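Model, not experiment: these values are computed from the prediction. First the proteins, then the strands, lettered A, B, ... as listed; each starts at 1.
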There are 2 protein chains.
Amino acid sequence: MTQSDRRRSRPTMKDVARHARVSVSTVSYVLNDSGPVAPERRNRVLDAVRVLEYSPNESARNLKLRSASTIGMVVPELTNPFFAMVAEGVQKAASARDVLVVLVVPDATEQPEENQAKLLRSQRIDGVVYLSGTGSMPASIYDLARSGPVVLVDEQIPGMDLPAVVCESRKGAREVAAHALGQGHRRVAVIGGPPGLWTAQQRLAGYREAFAGAGLDPDSVPVFPGDYRQASGHDLAARALSDDPRPTLLICTNDLMAIGAMEYCREVGLRVPEDVSVVGFDDLPFSALLTPRLTTVRQPAHEMGFRAASALFELLENDESGAVGELPATVQIRDSVRPPGGGA
Amino acid sequence: MTQSDRRRSRPTMKDVARHARVSVSTVSYVLNDSGPVAPERRNRVLDAVRVLEYSPNESARNLKLRSASTIGMVVPELTNPFFAMVAEGVQKAASARDVLVVLVVPDATEQPEENQAKLLRSQRIDGVVYLSGTGSMPASIYDLARSGPVVLVDEQIPGMDLPAVVCESRKGAREVAAHALGQGHRRVAVIGGPPGLWTAQQRLAGYREAFAGAGLDPDSVPVFPGDYRQASGHDLAARALSDDPRPTLLICTNDLMAIGAMEYCREVGLRVPEDVSVVGFDDLPFSALLTPRLTTVRQPAHEMGFRAASALFELLENDESGAVGELPATVQIRDSVRPPGGGA
DNA sequence: ATGGATCATATAAACGTTTCTGCCGCCTGT
DNA sequence: ACAGGCGGCAGAAACGTTTATATGATCCAT
């Protein structure tokens with residue numbers, strides 16, 4: 001078979017109709033079960049469909065039905081396993097309903113995200129699941145939300161009441177910090193997320209609650225805002241650990257940055273957890289495989305993606321979003337935290 | 001704004017035409033630069049587009065133009081960072097050309113992959129980048145390729161000459177094995193990939209070349225076929241290491257399984273690399289962060305995805321695939337290999 | 001028998017584009 | 001002055017569906 005064979009235009013309903021000696025409407029009726037048709041003719045149609053290898057032109061259907069059976073999923077980057085897990089959840093919910101998921105990676109497209117709204121308006125997608133991440137919430141989210149249904153994941157926008165699927169970030173953050181503080185640490189530094197993100201703020205707030213609870217002045221704890229990427233964890237750890245006296249506990253707003261921080265520690269010969277304790281957030285699949293195993297907070301990433309997509313579908317069908325609720329975040333206590341000065 | 005406001009149908013070309021007091025064809029001409037139109041009227045149209053917030057209905061365009069400006073990307077699972085990296089490469093190449101990428105995860109859809117071919121036939125996507133992975137190559141790939149252009153990534157199908165982007169798997173495998181063997185190991189086991197996959201076969205062939213080169217009978221080395229997932233690395237390591245005498249070198253066909261193997265070693269108190277050396281394949285971003293740092297082979301994942309998508313676009317435009325070539329694979333020598341009996 | 005249901009089918013009008021075709025007026029070279 | 005070309009525009013036909021409407025049958029109750 002040559003390439004040009006493939007170009008040969010595919011059969012249309014008209015072809016099927018001719019082959020089955022019925023009208024196109026009859027074909028449509030049997031294909032969609034949308035009208036009565038005699039068994040004998042129905043079979044003729046079905047046969048024709050088979051022999052011609054017909055499948056409907058979805059562009060035409062979409063045009064007529066004004067729906068694309070497709071949603072957009074904007075994710076900051078797939079190489080962050082947390083995002084990848086959420087993406088799988090979204091994809092799973094979508095494919096269960098036979099809707100397609102188009103991947104939108106804002107960084108990959110140089111143009112301003114204004115294009116996302118245009119994409120939505122162009123009716124190629126019916127709605128979007130928005131996974132905010134690296135960087136701050138773009139102003140264009142307003143355009144987006146005006147153009148069609150949007151469901152946020154792990155994020156919330158104070159001004160607007162967009163449906164959002166989040167988890168107990170604040171509680172999880174408070175608890176993991178409290179656990180670490182309970183080991184006796186007094187010199188602490190936080191490697192934060194992008195200050196513009198709600199989630200980062202929530203986690204920070206949780207940490208501060210824990211600080212206060214441990215009798216530490218929250219304002220005395222330095223916060224180094226990062227971008228949720230490993231490299232930024234690495235670099236900020238360098239800054240944080242150059243303080244004198246050196247912090248004995250590094251609280252990182254996500255696992256990737258915690259890993260970057262541990263990478264730095266290894267480079268400069270600081271032992272984790274003997275010299276410095278580290279905690280993360282997310283519980284990536286391989287966080288438990290590091291040495292030391294990372295103490296962190298597990299977010300139900302897959303579930304969050306699944307719920308977000310489901311909420312979007314409800315929105316599309318009933319014009320109302322089901323309760324999206326808050327999912328549990330559970331702290332995972334492992335080996336990367338130890339009392340300060342614990343030595344070897 | 002209420003949800004129902006959003007449902008209000010979007011403006012069409014007709015609306016724009018009316019507002020600008022021109023015909024729809026004129027609107028189309030200015031929007032596509034496809035015909036001469038007087039500057040004054042052109043501006044009227046552009047203004048109307050702005051005030052009405054018009055954006056073209058892509059379903060209608062697709063119908064007329066018989067092209068969806070969308071490709072499919074089938075990936076076995078996003079949580080394998082190698083796949084995620086390839087996916088990002090694909091996405092990047094696509095968004096540079098303003099084409100959408102729809103994510104297809106075969107496992108997520110319970111139905112047989114026959115649907116993928118149907119998706120392609122339905123003209124919702126113009127072609128697909130196929131990332132084979134876990135499991136063996138489905139027979140349905142034939143249907144797929146018959147339905148439209150397909151470019152394979154990191155895989156090849158003996159019978160067919162589908163365009164494919166691969167890297168020097170065999171050479172990389174040979175070299176990394178040779179390096180490990182050079183340390184003196186004689187008792188070796190291989191944790192392989194799915195036997196049905198070309199890539200897995202290539203890597204295995206490379207290993208065997210190295211065995212022969214080191215004076216080892218390739219047939220005497222046990223091969224445990226896995227599925228490229230971490231759990232399978234874990235379980236197969238258990239099997240492989242229960243041999244007596246115990247192998248001192250575990251060659252894994254990808255990093256994820258190598259990590260699973262190391263996980264198992266840790267569980268049962270075997271030290272890596274003192275008691276058993278481990279090598280992987282892929283060089284995932286965090287493989288260098290493990291303890292010990294994993295010796296492996298780097299594949300240019302991002303580049304492979306990018307090239308595959310680019311090749312697909314050429315196929316779509318010129319009906320001929322550019323040279324897809326073979327990308328380099330470079331071995332990364334790190335700490336997970338040490339001479340046998342190296343002790344502490 | 002016959003009037004109305006009910007069933008089965010065909011015809012045709014949309015859906016929102018692109019683009020072919022044709023029309024009008026103007027310029028240009030003779 | 002006039003044929004031909006061309007810039008600038010509008011009209012209408014397509015693209016492949018879905019679905020409202022129209023048209024015949026058939027069937028039952030009167």
Footprint string (nucleotides 14-20 of chain D, 5' to 3'): B base within contact, S backbone only, - free, heavy atoms under 4.0 Å: BBBBBBB
Whether A/Arg10 side chain and B/Ser147 backbone form a donor-acceptor pair below 3.5 Å: yes
Integer-rounded Å distance: C/dT17 C1' and A/Gln123 CD: 12 Å
A/Glu88 side chain to B/Leu78 backbone, donor-acceptor under 3.5 Å: yes
A/Val90 side chain near B/Leu103 side chain, heavy-atom distance below 4.5 Å: no
Qualifying salt bridge (Lys or Arg N to Asp or Glu O under 4.0 Å) pairs with a residue from residues 68-82 of chain B, counting only residues at least two apart or across chains: B/Glu77-B/Arg229
Check: B/Asp126 side chain, B/Ser67 main-chain N or O, donor-acceptor pair, under 3.5 Å: no
